[in-house]
Amino acid sequence: MAERNCALQSTAYRHLRSAFQEKHKAAAALLKEGKKGVWMLGDEVPEEIILAAGMVPVRLWGKSGDRPHADTYLEASFGAVWRGYFESLVSEETSRLIDHLVLSNSSDIIQKLYYYLLQLKKIEPERHLPVPTYVDYWLANRDFRSQERNWKETEKFLNQMETWANRRISDKDLSEAIGLCNEHKGALRQLSSLRYGKKSKITGSEALTIVGGSFYLDKKEAAKLIRSLVQEAQEWPETQAVRCFYTGSLQDTPEVYLLMEEGGLNVVSEDKIFGDRYMDMDTDPSLSPLMAVSRRYHYRFPGSERSFTSDRAESLPRRAEETGAEGIVVFMNKNDESYIWDLPRQKKELDKLGIKVLVIENQKYPLDDKPGLLERFKAFAEEVKRGRDHA
Amino acid sequence: MPEEKSYETRSVKKLETTKLVGQYQKEWFMSLHSRVASGEPFAYVQANAPMEILRAMDIPYVVNQWWTAICSAKQMGPRFYDLLAEAGYRNDICSYCSMGYAFSLDPRPEEGPWGGLPHPSIVIGSETCSSGMKIEELMCEAFRADFFRIQHRHQDVFLDNWWEKSCDQWETLIGKTRLDFYEMELRLLIEFLEKKTGRVLDLNRLIETLNNVNRQEGWYRKTRDLIAATIPTPVTVTDTINSVMQAQWHRGSKWAADMAKNLYDEVRDLADRGVAAVPNEKIRLLWIGRGLWFNLAFYQYFEEKYGAVFVWTMYLALAADGYIRNNFEDNPVRAVASRFSFLEDILHVPPFNSQWFVKEAKNNSIDGVVFLVPENCMNNGDFYYNIVWSLEDAGFPVCVLRADPADAKKWTQENMVAEVENLIEDRILKKKERQQMQGENE
Ligand code: SF4
Ligand code: SF4
């Protein structure tokens with residue numbers, strides 16, 4: 001299935017889509033009037049605090065096309081997604097926009113990129129490279145020591161943002177920023193509710209475009225556009241495709257989702273930042289703002305890179321069931337295959353729920369066998385449908 | 001059954017210490033079975049684990065990388081990796097870290113090296129990579145052991161020439177935030193171990209253990225310096241690698257310190273008598289990366305044809321520079337934390353790794369560097385560009401081998417030999433010729 005006309009005819013969708021497709025332009029617009037941008041790499045950068053400091057959080061995007069710097073500087077073990085980010089950071093086109101960068105401990109590879117950047121600045125001082133800072137949350141456990149650590153880490157980050165912004169951040173600033181972010185997430189959750197279950201009205205690729213586009217717009221404006229889109233989408237036809245939950249390598253373009261749609265699969269939810277993991281919980285306004293921020297990043301849906309297999313075997317099948325998924329697609333880029341270690345255990349749980357799993361490994365960037373992938377998606381869709389008929 | 005190889009995989013062990021250490025190791029593993037059978041606790045840990053604490057509490061432990069090296073040297077890797085595949089995992093990734101888990105799945109563990117490994121009652125996890133932490137958890141469950149997970153915190157102080165500060169100024173080197181953090185982690189670990197085992201960490205024993213570590217590593221330092229200064233070298237890496245590594249796993253014991261002294265005495269004696277490990281030594285090579293345990297003979301492959309000798313691996317040098325901690329009496333736990341937290345960074349974080357390799361290459365009169373980049377590790381990232389750049393910039397030609405350091409099945413001997421031969425012929429020998437011509441013209 002290509003992009004649907006119903007979506008393309010929506011002004012709100014087109015607006016979000018163009019922000020997503022022309023991130024450069026959208027980011028430049030966000031940073032107009034000399035606003036300071038703080039670029040984020042990793043899922044756990046507390047954007048609320050950046051906003052509260054009067055700066056603009058900008059999600060770093062991976063550069064598509066050739067990645068000559070990544071090929072030169074990075075080991076082969078850095079999967080395609082990481083290579084894209086690194087290329088953005090180092091290539092002239094994007095790097096000149098980036099003065100401040102925050103990386104979060106969402107994957108060990110990001111920590112490596114942090115170290116690499118520091119060193120690259122030293123050995124190639126002529127490059128325009130940002131001064132990075134690092135948010136070192138501990139996500140794998142939720143015990144007291146992790147809570148306390150993350151709370152302190154949030155405070156440290158707040159102090160850092162105060163320095164960058166050269167102003168104090170009051171509780172009121174932070175509460176307002178939290179409110180704004182919650183508004184954005186709330187709107188996205190309304191959107192997500194249209195994806196789930198048998199009457200899914202938004203396709204995975206549309207959702208990815210909308211979520212991704214909203215990252216490059218003013219939050220208030222984004223929330224408004226999403227809400228208006230949600231209204232319109234009530235009238236959009238339901239997709240008939242096989243409903244899937246997506247996990248594996250991050251998709252920051254709709255290419256793979258579109259291919260899945262062509263093969264008769266529709267992603268109704270995912271555990272990824274360009275999707276449901278971004279907005280799965282609010283920052284609790286009833287808590288002290290610092291604590292609320294810290295908890296939001298600590299307590300959200302466990303991402304695979306920073307979770308034990310036991311957590312994932314518990315949370316992922318449940319989430320898949322809640323969203324009405326009939327199948328799980330685990331899609332892994334070459335050298336981004338840690339999901340493998342989750343799988344056998346997850347499968348046991350998924351079998352109990354009658355949810356089937358498609359495992360795709362060793363994917364290259366750019367995709368080197370689209371027809372082959374399409375065939376596998378089609379076959380999986382057929383397999384799930386046959387299961388339906390038996391049920 | 002061990003795999004048949006078309007190439008020689010055994011190395012020559014000529015040092016008495018290596019034999020002694022090997023013997024002890026075998027006996028130690030045998031005694032481990034009876035200790036565990038009689039109800040003693042037994043811990044399975046990672047290479048960077050704070051072993052001094054376990055040693056001081058007299059809790060026997062085996063290190064994941066140690067066990068991997070043993071299984072790999074006994075050519076048993078393929079058997080274990082197949083068990084992973086049977087359990088629904090892939091058998092071609094994470095070989096270096098998954099041997100312990102693979103072993104835990106073995107229905108006939110007694111067929112493992114030296115009667116196999118008894119099931120541990122405690123697993124201490126400290127892997128930072130996404131796969132590693134999952135493997136630790138899976139293994140722990142398969143062994144039905146109690147799990148203690150040490151959290152990790154990134155390094156945020158980057159001082160030059162770390163080896164000049166690690167012994168005496170470790171507080172400055174690591175930085176207060178990180179040290180506070182790791183000290184707390186270790187205190188939690190101690191509480192956990194005391195509760196689980198009913199044993200108490202005796203402060204005096206801990207101090208004694210740290211003194212033993214300093215003594216042991218001090219001898220390694222002397223040995224490393226001696227090898228660096230002696231041309232032709234009295235020993236090659238194949239002679240020392242096993243003796244150093246095996247004694248390192250028993251770090252903190254009096255026996256290990258004695259073995260380190262033995263090693264030094266032997267090497268000293270060889271050096272004093274002018275014995276050359278490779279009499280026609282012409283080229284000195286440095287090996288970066290994990291040891292090629294299943295094929296230690298590879299290190300000797302180039303000796304006869306080129307007089308090219310591997311004189312350096314990280315094992316002896318890391319022992320020499322990475323472990324000694326002075327001024328620990330006020331707070332021995334903090335001293336252990338300073339070692340535990342920094343050990344991996346030495347090898348994997350720039351500029352600690354690159355500066356150190358360059359220093360060691362200079363001190364050891366190295367002609368060329370062979371750098372093993374593990375192919376099946378998704379978390380491999382030492383900023384290898386920076387390492388190669390730093391070494392080349394300092395005048396040391398580097399060849400990169402992409403291979404799996406634990407799985408013999410995937411090793412392609414001919415390609416690897418060819419890569420190193422290219423380094424020797426195209427770069428080292430040509431450079432030497434140029435230098436010779438320059439010398440003659442002057
Ligand atoms: S889904 Fe239906 S309404 Fe929407 S574009 Fe396709 S055909 Fe038109
Ligand atoms: S990715 Fe590398 S470090 Fe991590 S478990 Fe696998 S082999 Fe070990």
Side-chain angles (χ1 to χ4, degrees), chain A residues 72-79 82 103 105-109 111-120 122-124 133-136 138 140-141 143 145-146 149 152-153 156 303-312 332-345 347-348 361-362, chain B residues 84 87-90 92-94 97-98 101 125 127-138 140-141 147 149 151-156 158 160 177-178 181 184-185 188 345 348-354 373-387 389-390 393 400 402:
Chain A
T72 305
Y73 292 103
L74 300 184
E75 283 91 344
S77 50
F78 286 69
W82 311 117
L103 301 95
N105 183 21
S106 316
S107 145
D108 236 36
I109 294 289
Q111 186 168 299
K112 287 179 193 300
L113 287 175
Y114 168 68
Y115 291 142
Y116 283 27
L117 274 180
L118 289 173
Q119 180 68 2
L120 194 57
K122 276 195 223 157
I123 61 173
E124 296 185 5
T133 196
Y134 191 70
V135 184
D136 203 349
W138 185 262
N141 303 89
D143 52 6
R145 77 178 152 148
S146 316
R149 167 189 178 147
K152 286 190 182 151
E153 195 64 19
K156 195 175 129 236
S304 177
E305 285 91 337
R306 287 299 189 222
S307 301
F308 293 112
T309 59
S310 49
D311 291 333
R312 294 276 294 174
M332 291 169 278
N333 291 334
K334 183 170 169 53
N335 284 327
D336 186 17
E337 286 149 325
S338 60
Y339 308 87
I340 287 287
W341 297 104
D342 279 339
L343 265 174
R345 205 165 171 174
K347 256 193 188 145
K348 275 190 205 144
E361 297 162 72
N362 213 13
Chain B
L84 282 180
Y89 299 94
R90 262 173 56 181
D92 61 340
I93 52 174
C94 300
C97 300
S98 60
Y101 176 46
E127 270 287 358
T128 56
C129 95
S130 314
S131 300
M133 58 182 281
K134 289 178 197 293
I135 296 169
E136 281 172 350
E137 190 202 26
L138 290 166
C140 185
E141 287 180 0
F147 191 38
R149 167 71 220 193
Q151 292 191 6
H152 181 72
R153 182 171 186 87
H154 74 290
Q155 176 68 8
D156 52 4
F158 299 90
D160 287 332
T177 315
R178 201 173 189 223
F181 174 81
M184 182 59 87
E185 287 294 301
L188 289 170
D345 297 348
H348 303 303
V349 175
F352 306 126
N353 53 8
S354 52
V373 175
E375 272 236 299
N376 68 337
C377 170
M378 296 172 275
N379 203 41
N380 165 53
D382 309 337
F383 202 1
Y384 105 113
Y385 171 87
N386 171 61
I387 294 176
W389 178 86
S390 305
D393 190 53
V400 174
R402 293 175 203 285

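Sequence lines set the chain letters: A, B, ... in the order given, protein chains first and strands last, and positions in each chain run from 1.
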Which one, B:L188, B:V349, B:L84, leads in non-hydrogen pairs under 4.5 Å with chain A? B:V349
If you count heavy-atom pairs under 4.5 Å between each of B:V373, B:T128, B:D393 and chain A, which one has the most? B:T128
Is there a donor-acceptor pair under 3.5 Å between the side chain of [X] and the backbone N or O of [Y]?
X	Y	value
B:E137	A:S310	yes
A:Y115	B:Q155	yes
A:Y116	B:D382	yes
A:K112	B:G381	yes

Sorted by chain and number, sequence neighbours left out, salt bridge (Lys or Arg N to Asp or Glu O under 4.0 Å) with A:R145 holds for A:D143, B:E185
Is it the backbone or the side chain of [X] that comes under 4.5 Å from a heavy atom of chain B, or both, or neither?
X	answer
A:K122	side chain
A:W138	side chain
A:E153	side chain

Do you know the tightest heavy-atom contact between [X] and [Y]?
X	Y	value
A:E337	B:I93	O-CD1, 4.2 Å
A:I123	B:W389	CG2-CZ3, 3.7 Å
A:S77	B:C377	CB-O, 3.3 Å

Please state whether the side chain, the backbone, both or neither of B:S390 comes within less than 4.5 Å of a heavy atom of chain A. neither
Rounded to the nearest 0.5 Å, the CZ atom of B:F181 sits from the NZ atom of A:K152 at a distance of 10.5 Å
NZ (B:K134) and CG (A:L343) are apart, to the nearest 0.5 Å, by 9.5 Å
Dump the intermediate steps for side chain to side chain contact (heavy atoms under 4.5 Å, CB included) on B:M184 and A:R149, then the final yes or no. CA-CA 11 Å; B:M184 182 59 87; A:R149 167 189 178 147; over 6 Å; no
List for me each residue that meets side-chain contact (heavy atoms from CB on, under 4.5 Å) alongside A:L118, sequence neighbours excluded, and say none if there are none. A:Y114, A:P132, B:F158
Does a side chain donor of either A:Q119 or B:N386 reach within less than 3.5 Å of an acceptor in the other side chain? yes
B:Y385/A:T72 under side chain to side chain contact (heavy atoms under 4.5 Å, CB included): CA gap, chis, key distance, verdict: CA-CA 7 Å; B:Y385 171 87; A:T72 305; 3.8 Å; yes
A:N105 and B:H152: side chain to side chain contact (heavy atoms under 4.5 Å, CB included), yes or no, with the steps? CA-CA 10 Å; A:N105 183 21; B:H152 181 72; over 6 Å; no
